[in-house]
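The structure displayed is predicted, hence computed values, not measured ones.
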Amino acid sequence: MLKIYNSLTREKQDFVPIIPGSARMYVCGMTVYDYCHLGHARVLVVFDMVQRWLRASGLQVTYVRNITDIDDKIIKRAVESKQSIAELTARFIAFMDEDAAALGVEPPDHEPRATAYVPQMLDLIGQLEKNGLAYQAADGDVNFSVRKFAGYGKLSGKSIDDLRAGERVEVDTAKEDPLDFVLWKHARDNEPFWPSPWGNGRPGWHIECSAMSSDLLGKHFDIHGGGQDLQFPHHENEIAQSEGAHLCRFVNYWMHNGFVRVADEKMSKSLGNFFTIREILKNYDAEVVRFFILRAHYRSPLNYSDSHLDDARQALTRLYTALKSVGAADAGASPVDWDEPHAQRFRQAMDDDFNTPEACAVLFDLAAELNRRKSPAVAGQLRGLAGLLGLLTRDPQIFLQAAPSNETADSVADIEARIAERVAAKKNKDYAAADRIRADLLAAGVVLEDSSAGTTWRRS
RNA sequence: GGCGCGAUAGCAAAGCGGUUAUGCACCGGAUUGCAAAUCCGUUCAGCCCGGUUCGACUCCGGGUCGCGCCUCCA
């Protein structure tokens with residue numbers, strides 16, 4: 001039975017879907033005003049893995065990952081770069097799609113954009129006003145009355161009286177309470193706006209997720225995910241809005257993935273210590289990055305550095321090498337034999353709050369067995385289980401010989417010509433010449449492997 | 001100040017109250033013309049102090065250190 005760590009209760013719980021046999025999941029995606037960085041990659045990959053495992057478990061999954069395409073930063077960036085908001089967001093959505101595809105992230109079932117849900121947001125705000133939880137302030141903003149919502153803080157474990165609103169940021173004096181947050185911002189000069197019963201304006205930060213999730217998944221659904229930094233205030237506010245408007249429970253299981261860190265500090269936009277996905281993909285194969293993310297547990301911090309990525313690449317090379325050794329070139333999906341012990345261990349690991357590090361360990365044990373027995377059945381298990389994580393989906397040869405995109409690596413034809421030369425030298429027992437060629441290629445990042453079947457090569 | 005998380009071998013990272021995690025790196029052996037890959041084997045752990053227990057890396061208490069949230073952030 002699948003167990004999920006629920007941020008709301010701070011414990012692992014059996015996953016019991018609201019509708020038996022199905023799972024509805026909403027994940028907070030990107031705000032599209034810049035390239036995605038590794039932190040975003042982690043969210044994409046982690047919840048892709050979750051979604052895959054839910055499906056592999058036989059559940060009918062509806063996976064929604066939203067796009068926030070209107071907010072302060074987008075407006076600011078559009079002005080700075082002298083382009084329209086639509087142009088800006090379209091560009092970065094396209095970049096995000098490319099990055100996600102490279103990382104082996106399957107497209108979600110729905111990818112709603114905030115700007116397409118303004119009417120639903122206004123409905124929600126109207127409902128909140130009707131329920132006495134929202135009010136329009138003197139400046140025209142519509143705010144949520146945090147103190148009127150019982151249970152505010154239950155997700156983040158905060159008590160209203162302990163929150164120090166305004167300690168680090170100037171308090172909006174139009175609010176009745178400093179902790180209140182904006183549902184609808186009144187229109188300002190040179191900013192996009194929509195008409196509403198409260199005057200022209202645009203949505204506050206949190207309302208879009210409440211609107212999109214209930215529209216696509218219903219008022220009450222199974223799983224809501226996102227980065228740990230969204231737990232407060234974003235998700236806390238989503239709960240307040242959704243439950244305050246619908247007067248029923250919002251989400252059963254809250255999942256939060258840990259941060260990516262650089263030198264033991266959170267990777268973030270504000271600290272400026274982030275690496276974009278496309279920057280990293282210049283030096284590393286996308287599958288290496290995916291593996292790097294998945295070999296750590298999703299709730300643990302993940303330290304980023306080149307040497308960690310190098311390490312991940314070596315490890316993934318071992319897996320692909322094992323596959324190559326049995327000539328398992330066929331990259332087609334392999335059905336998993338779930339009665340087999342490795343598969344059982346794998347399932348047990350994944351069912352335990354998506355323990356991908358343990359699941360990866362199973363993969364390595366399978367690789368060792370494959371190297372020993374050269375059995376196609378073992379290769380099938382390895383390929384099949386890894387495939388559930390979105391790994392080992394390619395022909396080993398392609399992975400092992402792939403050149404990093406930013407390097408002017410020797411062409412395959414050149415390498416093979418040199419190998420032919422060396423084979424000839426070896427035939428003449430001219431080992432000095434053969435070794436020289438091998439050393440030259442090694443210096444160029446190409447490792448040769450001789451076997452009774454001939455010489456093969458891979459990039460180091 | 002409030003709340004939360006973590007501390008495992010050289011590095012990364014899991015499970016587990018007693019029995020090999022796993023990967024990278026390292027060392028010895030097999031294999032190889034020599035390598036590489038692979039196999040076999042060895043070495044290397046559990047922040048500190050108490051407690052519970054026949055037995056604790058694993059449970060409990062107290063420290064220390066690190067990180068995060070309380071502001072936009074995935």
* Asked: Do A:Trp53 and A:Asp351 get their side chains close enough for a donor-acceptor pair, meaning under 3.5 Å?
  -> yes
* Asked: Between A:Arg422 (CZ) and B:C34 (P), how many Å, whole number?
  -> 13 Å
* Structure fact -> Sorted by position of nearest nucleotide on RNA chain B, 5' first, the leading residue of A:Gly157 and A:Ala315 is A:Gly157
* For A:Asp229, answer base if it contacts any base atom (sugar-phosphate contacts may also be present), sugar-phosphate if it contacts only those atoms, and nothing otherwise; contact means non-hydrogen atoms under 4.0 Å. => base
* How is A:Asn355 classified with respect to the nucleic acid when contacts are heavy atoms under 4.0 Å: base, sugar-phosphate, or nothing? -> sugar-phosphate
* To do: Remember a base hit wins even if backbone is also touched, and classify A:Arg318 as base, sugar-phosphate or nothing at under 4.0 Å, heavy atoms.
  => sugar-phosphate
* To do: Could you please name the partner base of B:G4, counting Watson-Crick and G-U wobble pairs only when both distances are under 3.5 Å?
  => B:C67
* How far, in whole Å, is B:G10 from B:C26 if one measures between their C1' atoms? -> 9 Å
* Is A:His297 touching bases, backbone alone, or none of the nucleic acid, heavy atoms closer than 4.0 Å? -> sugar-phosphate
* Would you please say whether a donor-acceptor pair under 3.5 Å links the side chains of A:Tyr26 and A:Glu238? => no
* **Sugar-phosphate only, base, or nothing, as touched by A:Ala361 at under 4.0 Å among non-hydrogen atoms** => base
* When the P atoms of B:U32 and B:G15 are considered, how many whole Å apart are they? -> 42 Å
* Rounded interatomic separation in angstrom, taking CD from A:Glu358 and C1' from B:A14 -> 6 Å
* Using the ring of A:Tyr33 (Phe, Tyr or Trp, six-membered ring only), decide whether A:Lys269 places NZ or CZ under 6.0 Å from its centre and within 45 degrees of its axis. => yes
* Asked: Base, sugar-phosphate, or nothing for A:Leu230, non-hydrogen atoms under 4.0 angstrom?
  -> sugar-phosphate
* Asked: Just checking A:Asp71: base, sugar-phosphate only, or nothing, at a heavy-atom cut-off of under 4.0 Å?
  -> nothing
* Classify the nucleic acid contact of A:Phe232 as base, sugar-phosphate or nothing, counting any heavy atom under 4.0 Å across all strands shown. => sugar-phosphate
* Asked: Under 5.5 Å between ring centres and under 30° between planes: true for A:Tyr431 and the base of B:G33?
  -> yes
* Asked: Does the A:Glu449 side chain pair with the main chain of A:Trp457, one donor and one acceptor, at a distance under 3.5 Å?
  -> no
* Using a cut-off of 4.0 Å on non-hydrogen atoms, how would the nucleic acid contact of A:Arg373 be classed: base, sugar-phosphate, or nothing? -> nothing
* Quantified in whole Å, what is the C1' atom distance between nucleotide B:C16 and nucleotide B:G46? -> 13 Å
* A:Val27 near the nucleic acid: base, sugar-phosphate alone, or nothing, with a heavy-atom cut-off under 4.0 Å? -> nothing
* Asked: How would you label the contact of A:Lys429 with the nucleic acid (heavy atoms, under 4.0 Å): base, sugar-phosphate, or nothing?
  -> nothing
* For A:Arg372, report the nucleic acid contact type (base, sugar-phosphate, nothing); a contact means any heavy atom under 4.0 Å. => sugar-phosphate
* To do: Among the candidates B:A74, B:A37, B:G33, find the nucleotide nearest to the side-chain atoms of A:Arg458.
  => B:A37
* Asked: Do you know which of A:Thr68, A:Val43, A:Leu230 makes side chain to side chain contact (heavy atoms under 4.5 Å, CB included) with A:Cys28?
  -> A:Leu230
* Asked: If you look at every strand shown and take non-hydrogen atoms under 4.0 Å, does A:Ala368 touch a base, only sugar-phosphate, or nothing?
  -> sugar-phosphate
* Taking the six-membered ring of A:Tyr5, is the NZ or CZ of A:Arg299 close enough (under 6.0 Å from the centre) and on axis enough (within 45°)? -> yes
* A:Ser300 near the nucleic acid: base, sugar-phosphate alone, or nothing, with a heavy-atom cut-off under 4.0 Å? -> sugar-phosphate
* Please measure how far the P atom in B:C44 lies from the corresponding atom in B:C11, and state the result in whole Å. => 15 Å
* Whole-angstrom distance between B:C39 and B:C70, as gauged at atom P -> 47 Å
* Find the distance A:Phe181:CZ to B:C72:C1' and express it as a whole number of Å. => 16 Å
* Asked: Between the base of B:C3 and the side chain of A:Lys158, is there a donor-acceptor distance below 3.5 Å?
  -> no
* To do: Determine which nucleotide pairs with B:A30, using a 3.5 Å limit on both distances of a Watson-Crick or G-U wobble pair.
  => B:U38
* Asked: For the side chain of A:Asp161 and the base of B:G2, is some donor closer than 3.5 Å to an acceptor across the two?
  -> no
* Structure fact -> Of A:Ser270 and A:Ser156, the one whose nearest nucleotide on RNA chain B sits closer to the 5' end is A:Ser156
* Asked: Mind checking the C1' distance from B:G50 to B:U38? Whole angstroms is fine.
  -> 49 Å
* **Base paired to B:C24 (Watson-Crick or G-U; both N/O distances under 3.5 angstrom)** => B:G10
* State, without any angle test, whether A:Asn303 and A:Ser305 hold a side-chain donor-acceptor pair at a distance under 3.5 Å. => no
* Any side-chain donor-acceptor pair under 3.5 Å between A:Tyr284 and A:Asp310? -> yes
* Rounded to whole angstrom, note down the P distance from B:A7 over to B:C59. => 10 Å
* Kindly indicate whether the side chain of A:Arg295 and the base of B:A13 share any N or O donor-acceptor pair separated by less than 3.5 Å? => no
* Is the base of B:G23 touched by the side chain of A:Asp311 through a donor-acceptor pair closer than 3.5 angstrom? -> yes
* Rounded distance in Å between the C1' positions of B:A13 and B:C57 -> 15 Å
